[in-house]
Amino acid sequence: MVNATKGVFISCDIPMAQYIINMNASLPASEKFIIHILDNTHIFVQPHVEGMIRSQIAKFREDNTYVKPN
């Protein structure tokens with residue numbers, strides 16, 4: 001019998017995948033969202049966390065972007 005799980009496929013570079021894996025590891029067991037780590041650049045996650053992942057990545061990029069002083 002086949003078991004199917006609905007989720008979101010994420011394809012990214014290795015540092016961003018590690019960031020997402022670290023986000024997942026910092027959560028309590030009941031809130032973990034990674035269904036399966038496919039390889040170094042592909043992750044399968046629960047569909048309800050897509051927005052949260054996008055916002056955390058946007059915040060991370062904003063916090064780590066160099067702004068040239070005037």
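Basis for what follows: all heavy atoms, side chains included, without hydrogens, waters or symmetry-related copies.
- Annotation for Ile20 and Cys12: closest pair CD1-SG, 4.4 Å, computed over non-hydrogen atoms.
- Within a 6.0 Å sphere centred on CD of Glu62, other residues, nucleotides and ligands contribute 12 heavy atoms or fewer.
- If you take CZ on Phe60 and OG1 on Thr65, they are separated by 9.5 Å, rounding to the nearest 0.5 Å.
- With Ile43 as the fixed residue, the side chain to side chain contact (heavy atoms under 4.5 Å, CB included) test singles out one of Leu38, Ile53, Ile21, Ile35: Ile21.
- Asn22 places none of its side-chain heavy atoms less than 4.5 Å from the side chain of Gln18.
- A distance of 7.5 Å separates CG of Leu27 from CE of Met23, quoted to the nearest 0.5 Å.
- In this structure, CE in Met16 is found 13.0 Å from OG1 in Thr41, a value given to the nearest 0.5 Å.
- In this structure, NE2 in His42 is found 13.5 Å from CD1 in Ile37, a value given to the nearest 0.5 Å.
- Shortest non-hydrogen contact noted between Lys6 and Pro47 is O-CD, 3.4 Å.
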